[in-house]
Structures are given as C-alpha cells and as structure tokens.
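Take a look at the structure below.
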Number of protein chains: 2
Amino acid sequence: MRHLADRMGIRAPSLYKHIESKEELEALLIADAFREFGQVFHDALADGRRSRRGAMRALARTYRGWALAHPHLYRLVTGGRLARERLPEGLEAWAAEPIVIAAGGDHDRARAAWAFAHGMTILELDGRFPPDANLDGAWSAGIAAFEG
Amino acid sequence: MRHLADRMGIRAPSLYKHIESKEELEALLIADAFREFGQVFHDALADGRRSRRGAMRALARTYRGWALAHPHLYRLVTGGRLARERLPEGLEAWAAEPIVIAAGGDHDRARAAWAFAHGMTILELDGRFPPDANLDGAWSAGIAAFEG
DNA sequence: GTCTATAGTGGGATAGAC
DNA sequence: GTCTATCCCACTATAGAC
C-alpha cells in the first residue's frame, strides 16, 4: 500500500479514503484484469479460427504474451485464493470461455489445457526451467498434445 | 520459525544454533523432499511400465498424490525461486528423470507434461477450479493428451 | 544448546487535524 | 481528500547470560 501511494504521489493512509481495504483494492484490480485479458482472449479465439494454425495455438500465444507483459498482475489474478464473492458474477467464466470453445465444449479438456498453460507460465515467471530449456518448444509440444 | 520452534518445544532463537538462516533450513527441507518424492516417482515409473495403463498415468497419479499428501512442502518445493546453489548437484534432475523417460527422452514434451501436472496441482491446492469441476476427469484428459 | 531480551524491518490500518 | 502521528502485528535474526 505504501509503494502504491508513493507512485500516486500521496501518503498511504490517504488510500483508505478511496478503498476500504487492501483486499477490496485487489479485487478491483483482478476484475479489471479479467476484463482486459478476456477481451484479448476472445479476440485471439476469433483470429485463431480464421487462420490455419488453429485456435489452441492462438490462445496459447495470447495467454503467454499477456502474462509476460503483466507478470505481477498475472500472479495476483492466478495465485492463491480468489475472492469470487467480490467479483462481478459471470466475469471469470466469460474470460475463460475461449478455452472451453477451443476444447470443443469439453470442460475436462479445457481445464487440462488451462492447467498446462498456467503451469508453463508460472514456472517460467518463477525461473524454474533450466536456463537452456527451449520454452517455445515446450509450449509447442503441449499445444500439439491438446490440439490432437 | 516461531511455529517450528513451538512444535519442537524450544524458543525460536535456539533454532539458530542448528541452522544459519531460514533460507538454509528451507533448502534442507527441499532437498529432503526431492529425495523422498524422487524415490516414489521412480518407483511409479517402474510400476507403470509393468502395467497396461502406461507410465504417464502412473506418474500423474503419484505426482498428484504426493502433492496432496504434503501440500505445504509441495508449495515450498515448487513455488518461487529455487535456491539451486544450496542443493546437491544432480538431485533435482534425478527427481525429474521419470517424466523425461516417460516422454521418450523428449525434453520439450517432458516439460509440457510437468507444466500440466503442476498447473493441475497448484490450481487444485489453491481452490481455483469451480466446486463442481471433475478434477479426475481433467487429469484424465491431460494424461490422454500426453500419452498420444 | 538453551534461554530472555531486544533489535530491526515491514506490513495494514485508524484517529483526528486541516 | 489530504496530511501527520501512531498503533498493532508478524517476522527474521542477534547479543549475551547460563
């Protein structure tokens, strides 16, 4: 909260005239992130269907790109417990919809594909792969597995 | 450190007569975890090769089971930066070896399969799947994708 | 190898003046 | 809507007596 206030050019206690708690602030940031990510994710699905490379590949590229462009926000959105009671109803499901569509409506396959993408992403952000690992290759291997 | 000392029936500062820092203690716990997990993971590979259900399925079952049985240790081992310089050389690679073997020596496929397993596991531990999600089904879908 | 006492840091949050 | 002053908490770690 102090770092945020510094960035805004005010003192930390002043933040509490605008938001009720750190948790509420985080929920607002998460909702914004779902809206922004959901939009690019839906756009990627539309693009992927038009090209010959497939929807899964387009979604994976967009997922990874968004996460690497907003690493702290990605961790905030995907790490730890999600305060769903503070989010607009249906927002999370809407943001996730493209992967369900790409999985042909199979929720099990969609969840497996999401787990793969999240695993790749968080392991990359945490620097858990060896320095010589070919991450593009690993992404391609996983995409191929879920396209089949 | 205080909780640990409580459990041991001593005061927190006394811990520092045995270990140099929290980071060293964590590295010792992580090394132990790699040894224990690596053993059951290698055993699972051997079992999986003898049965008709395939090595990937046996490894996935063991991976998930170990993580759910030791959730805090799993988070310690897989979350955040790994202090590799404090670990015995080769230990991490030895623990991971079964998945590389099951992937036919293809490191890209092995990393993709690990990312899937880690993603499923950490999302389950964090309660990120909907309450009505069929996690066994999602695991099966992912295993099928990586067996193919 | 244990203890008490304490240093030092950093975090979220409130009270009350302006 | 901002400020200063402050509270309270949790945490890692050290100093020094026994």
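Protein chains get the first letters and strands the later ones, always in sequence-line order, with residue 1 at the start of each. Keep in mind that the numbers below use all heavy atoms, side chains included, and drop hydrogens, waters and symmetry copies.
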Quiz item: Hey, would you say the Phe129(A) and Trp114(B) ring centroids sit under 6.0 Å apart?
Solution: yes
Quiz item: Backbone N or O of Phe146(B) within a donor-acceptor pair of the Arg109(B) side chain at under 3.5 Å?
Solution: yes
Exercise. Take the protein atom CZ of Arg11(A) and the nucleotide atom C1' of dG11(C), then report the distance between them rounded to whole Å.
Key: 17 Å
Quiz item: Looking at Ser14(B), does any N or O in its side chain come under 4.0 Å of the phosphate oxygens OP1/OP2 on dG1(C)?
Solution: no
Quiz item: Is the His118(A) ring parallel, tilted or perpendicular to the Tyr74(A) ring (thresholds 30°, 60°)?
Solution: tilted
Practice problem: Quick one: closest heavy-atom pair of Glu23(A) and Ala83(A), and the distance? | Solution: OE2-CB, 4.3 Å
Exercise. Can you establish whether the number of heavy atoms outside Arg84(A) located under 6.0 Å from its atom CZ is more than 12?
Key: yes
Self-check item: Footprint string (nucleotides 11-18 of chain D, 5' to 3'): B base within contact, S backbone only, - free, heavy atoms under 4.0 Å
Solution: BBBB----
Practice problem: Specify the separation, in whole Å, of atom NE2 of His18(B) and atom P of dG1(C). | Solution: 5 Å
